[in-house]
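The structure appears below as structure tokens.
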Amino acid sequence: MVQITLPDGQIRAFDAAPTGLALAEGIGKGLAKAAVAMRVDGVLMDLTRTIERDAQVAIVTREQPAALEILRHDAAHVLAEAAKELYPDVQVTIGPAIENGFYYDFARDTPFTPDDLARMEERMREIVDRDEAIVREVWDRHEAIAYFKSIGEHYKAQIIEELPADDVITIYRQGNFVDLCRGPHLPSTGRLGKAFKLMKLAGAYWRGDHRNAQLQRVYGTAWASDKDLKAYLTQLEEAEKRDHRRLGREMGLFHQQEEAAGMIFWHPKGWRLYRTLESWLRGRLDAAGYVEVKTPQLVDRKLWEASGHWEKFRENMYIAENEAGVKAYAEDPRERIFALKPMNCPCHVQIFNQGLKSYRELPLRLAEFGSCHRFEPGGALHGIMRVRNFVQDDAHIFCTEDQIISESTAFCALLLGVYRDLGFADVFVKLADRPPQRHGSDAVWDKAEAALKAACEASGLPYVLNPGEGAFYGPKLEFTLRDTIGRDWQCGTLQVDFVMPERLGAWYVAEDGQKHHPVMLHRAILGSFERFIGILIEHYAGRLPLWLAPTQAVVATITSDADAYAGEVAALLRARGMRVDADRRNEKINYKVREHSLAKVPVLVVVGKREAEERTVSLRRLGRPDQETLPLADALAALAAEARVPEGGEGAPAAAAA
RNA sequence: GCCGACGUAGCUCAGGGGUAGAGCAACUGAUUCGUAAUCAGUAGGUCCGCGGUUCAAAUCCGCGCGUCGGCACCA
């Protein structure tokens with residue numbers, strides 16, 4: 001006798017242990033049809049398994065979020081079955097469910113082609129039509145290893161060999177396809193449905209390690225219904241429309257070309273946007289007690305050796321020398337040679353080191369919009385988001401150990417204010433604490449980690465721990481923001497550094513009259529201007545807030561009767577600090593509206609004969625079909641007020657004065 | 001760096017061993033028009049680069065560069 005308690009409290013009794021399927025059938029046909037798996041005392045299980053003991057059981061249906069992962073995992077298995085049928089020489093490895101879909105990694109000498117992708121997808125649909133039963137079996141470990149080896153599935157055999165000794169080895173069989181898997185799975189392939197699509201081919205390393213063999217990964221997406229699949233594909237199209245590379249071109253912001261791969265040619269409009277962001281942020285830093293500096297691009301190897309970069313990161317550094325220098329260096333590696341800076345910190349320490357510092361001068365916050373060059377691997381480059389030359393909104397705070405907490409708190413407040421004003425309210429933090437290999441005493445680490453935690457708490461920032469992921473030189477906070485379409489971007493960082501000041505000989509004289517090394521806080525809010533502007537473009541889909549928009553308004557005429565007036569209106573707006581163009585071309589107003597809308601100009605000031613005579617303007621906002629007509633003076637005042645940069649009251653740290 | 005795909009006019013893309021194509025943009029002219037494309041005409045090319053095969057290469061092959069999607073990397 002088995003008693004099963006359903007989620008609504010109903011209890012059902014069975015003489016013999018029923019399967020989940022039987023239970024679902026008993027409750028209702030509709031439920032049985034939509035069933036994907038079941039939860040037995042909270043544990044997800046196959047519907048084909050029997051419920052042996054009294055338990056709380058809930059049937060998971062395909063509409064529920066938990067079902068998606070099972071569907072996607074099944075899709076991966078069906079893909080693997082299809083691949084094995086079509087290409088007997090493939091070896092299967094792993095195939096998990098992922099966000100929005102699944103993938104499967106195959107080992108095969110001949111690469112898959114896009115045609116293979118189409119064939120596999122077609123075969124997958126056939127397998128769904130076959131409605132093969134998916135059967136769970138428990139196997140002996142040695143038998144399983146021997147079996148997979150015997151059919152040439154060496155990766156699978158290896159996976160089983162490396163499973164913990166007490167793990168139960170479960171095998172799932174569907175048709176002729178047998179795979180090691182933890183489950184749970186659907187009762188049969190037919191239940192997968194056909195709301196899936198194979199998306200792309202990619203290379204991926206076995207176990208994610210580039211020293212291992214490269215496998216062929218097939219990505220797919222899978223959903224509970226065709227409607228969901230379609231919605232997802234539409235969403236992908238929408239995301240493509242906000243791609244910063246496309247918008248950057250359409251809005252005339254920048255371009256890139258192969259003679260300077262990984263670098264950016266900023267056009268007038270793009271540079272206007274860049275400068276607006278830069279000068280606004282500079283104001284914030286000034287108000288927060290930072291002092292701005294500028295340090296050399298090209299620095300002697302000796303400094304990079306002292307900082308440790310030459311040893312660890314030389315492969316990613318650009319050597320910049322004249323011919324004689326390169327020749328001398330080739331003949332004698334002790335010769336002087338220069339490298340472009342990949343980071344600003346060693347240079348900032350040089351400024352700190354000029355003149356002996358007193359504890360009274362701390363904290364000293366040295367800020368620099370520092371242009372850095374890093375030789376990033378070709379495959380990593382991505383538009384203006386991942387480049388080889390970028391400008392960090394960098395600063396280094398030299399302080400005492402006791403000041404870490406107040407400085408970190410002030411920084412969190414500053415950062416949150418900046419993000420908020422730029423339109424990002426959704427921010428989370430990861431605290432990366434001490435790694436196994438590290439520098440500095442446990443007591444100092446305790447203090448620094450506690451300070452970072454306290455700073456998060458004081459700023460109302462929830463943090464998650466990222467254990468052991470701190471740098472060898474100190475713990476760090478990593479600030480991630482979420483954009484309108486739910487993507488996460490790690491931008492800000494705050495790193496405590498106990499090592500660099502020591503390596504580069506930074507000292508201050510404390511109250512006790514003794515020399516001590518200061519603590520260095522490396523910090524950035526945007527991370528890099530280039531990447532952040534890319535994020536802004538995608539976040540706003542090009543429709544930047546008025547204060548950031550490179551062209552804030554275009555005064556467009558309807559007929560040439562309004563030409564003189566349009567010039568006057570544009571000049572008046574410019575006199576109020578706005579970035580304005582006048583469009584007096586002999587084109588229809590429809591044409592102008594369309595063109596400036598596509599160029600994402602936030603405000604269109606339309607003037608015709610009537611406006612010129614009445615000294616009014618007609619305002620049309622980007623993306624809105626309506627318009628308002630108002631007296632020129634009112635419009636000037638309103639637009640100028642609206643275009644003002646955010647003051648960021650609550651974001652600015654009160655404790656700014658140093 | 002690795003795997004795969006791609007590279008044709010300013011942009012989006014078609015073509016695929018035998019004279020280089022379209023739409024939009026540009027230019028010229030006409031049109032003075034009320035809120036997302038006015039009409040007509042003209043011009044525009046190292047088909048990414050270098051080598052090879054061929055009577056003939058944008059097209060086929062090799063190498064390189066770049067871009068895209070992943071993977072690895074991101075101090």
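In the text below, chain A, chain B and the rest are named by the order of the sequence lines, each starting its count at 1. Since this is a predicted model, take the numbers as computed values, not measurements.
- A:H596 comes within contact range of no nucleotide atom at all, as no heavy-atom separation falls under 4.0 Å.
- A centroid separation of less than 6.0 Å is found between the aromatic rings of A:H522 and A:Y473.
- Checking each of A:F390, A:F254, A:F369 against A:F529 for a ring pair (Phe, Tyr, Trp, His ring centres under 6.0 Å) leaves exactly one that passes, namely A:F369.
- Annotation: A:E259, atom CD; neighbour count of heavy atoms from other residues, nucleotides and ligands within 6.0 Å is above 12.
- Look at the C1' atom in both B:U28 and B:C60: the space between them is 43 Å, to the nearest Å.
- Separating the CG atom of A:N316 from the P atom of B:G1 is a distance of 12 Å, rounded to the nearest angstrom.
- Relative orientation of the A:F265 and A:H255 rings is parallel, given thresholds of 30° and 60° on the angle between their planes.
- Under 4.0 Å is where a charged nitrogen must lie from a carboxylate oxygen, and between A:K84 and A:E153 at least one such pair does.
- In this structure, A:D116 atom CG and B:C3 atom P are separated by 18 Å, rounded to whole Å.
- The stretch residues 241-249 of chain A touches RNA chain B through A:R245, A:R249, each having a heavy atom within less than 4.0 Å of the strand.
- For A:K609, taking side-chain heavy atoms from C-beta onward, the closest of the listed nucleotides B:C71, B:G34, B:A37 is B:G34.
- Ring pair A:W206/A:Y155: centre-to-centre distance below 6.0 Å.
- As rounded to whole Å, 16 Å separates atom C1' of B:A75 from atom CZ of A:R314.
- Of the candidates B:G1, B:G66, B:A36, the closest approach to any side-chain atom of A:E258 belongs to B:G66.
- Closest approach to the A:R386 side chain among B:C73, B:A72, B:G34 is made by B:C73 (side chain taken as heavy atoms from C-beta onward).
- Across all strands shown, A:Q257 has no heavy atoms under 4.0 Å from either base or sugar-phosphate atoms.
- A:E469 has its CD atom 11 Å from the P atom of B:C74, to the nearest Å.
- For the pair A:W489 CH2 and B:C74 C1', the computed distance is 14 Å after rounding to whole Å.
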Would you please test A:F102 and A:Y104 for ring pair (Phe, Tyr, Trp, His ring centres under 6.0 Å) and show each step? CA-CA 7 Å; A:F102 60 95; A:Y104 210 109; 9.0 Å; no

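- Of the candidate nucleotides B:C71, B:A75, B:A36, B:A75 has the atom lying nearest to any side-chain atom of A:M343.
- Within the structure, a side-chain polar atom (N or O) of A:R620 is placed less than 4.0 Å from OP1 or OP2 of B:A36.
- Nearest nucleotide to the A:R594 side chain, out of B:C33, B:U35, B:A37: B:A37.
- Using a 4.0 Å heavy-atom criterion, one finds that A:K588 contacts the bases of the nucleic acid, with or without backbone contacts as well.
- Summarising the geometry, the separation between OH on A:Y591 and C1' on B:G34 is reported as 18 Å, rounded to the nearest angstrom.
- Residue A:H522 places no side-chain N or O under 4.0 Å from the OP1 or OP2 atom of B:A75.
- Using a 4.0 Å heavy-atom distance criterion, A:F106 is classed as making no nucleic acid contact.
- At B:G1, none of the side-chain N or O atoms of A:Y205 fall inside 4.0 Å of OP1 or OP2 (strictly under the cut-off).
- Distances were taken from every side-chain heavy atom of A:A261 (C-beta onward) to each of B:U67, B:C71, B:C74; the shortest belongs to B:U67.
- A 3.5 Å limit on both hydrogen-bonding distances identifies no Watson-Crick or G-U partner for B:C33.
- In this structure, A:G383 reaches the sugar-phosphate backbone alone: every heavy-atom distance under 4.0 Å involves primed, P, OP1 or OP2 atoms, never a base.
- Going from the C1' atom of B:C50 to that of B:A37 covers 43 Å, rounded to whole Å.
- Aromatic ring pairs are classed by plane angle as parallel below 30°, tilted from 30° to 60° and perpendicular above 60°; the pair A:W266 and A:W271 is tilted.
- As rounded to whole Å, 12 Å separates atom C1' of B:A26 from atom CD of A:E587.
- An OP1 or OP2 oxygen of B:U35 is reached within less than 4.0 angstrom by no side-chain nitrogen or oxygen of A:N590.
- Under 3.5 Å, the side chain of A:S618 and the base of B:U35 form at least one donor-acceptor pair of N or O atoms.
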